[in-house]
Amino acid sequence: MSDAAIVTGLSSALAAHIARADYARLPATSVAATRRAILDGIGVMLAASGESEDVKPFVALARSQGSTPQADILGTGERVSAPLAAFAN
């Protein structure tokens, strides 16, 4: 079995498991930890959204690729392809 097939199988299994999850049955501590992790990730992205010197090379590379506008580079008002936006963000 190829690595791609293994990854696809694992991704499909994980997605199916998540889709079957019943929110009402999740422990409150798990919900709280997940919310905190998501908010933390968003906070980190916004804090580094094109303002930090460390981020500028990533944003510059994303801008330079001339891709189809699909997703925002946070904090810049610019749109690039989804993979490049993920890279820059």
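The figures that follow rest on heavy atoms only: side chains count, while hydrogens, waters and symmetry mates do not. What you see is a predicted model; the values in this text were computed from it and never measured.
Without hydrogens or angle criteria, D40 side chain to R36 main chain gives no donor-acceptor distance under 3.5 Å.
Taking 4.5 Å as the limit, some side-chain heavy atom of I38 sits within range of a side-chain heavy atom of T34.
Between D22 atom CG and L26 atom CG the span is 7.0 Å, to the nearest 0.5 Å.
Crowding of F58 atom CZ: a count of heavy atoms from other residues, nucleotides or ligands under 6.0 Å not exceeding 12.
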Expected list for residues 60-74: side-chain donor-acceptor pairs under 3.5 angstrom, two or more places apart:
from, atom 1, to, atom 2, distance (Å)
R63, NE, E78, OE1, 3.1
R63, NE, E78, OE2, 2.5
R63, NH2, E78, OE2, 2.8
S64, OG, L61, O, 2.8
S67, OG, S81, N, 2.8
Q70, OE1, A82, N, 2.8
D72, OD1, R79, NH1, 3.1

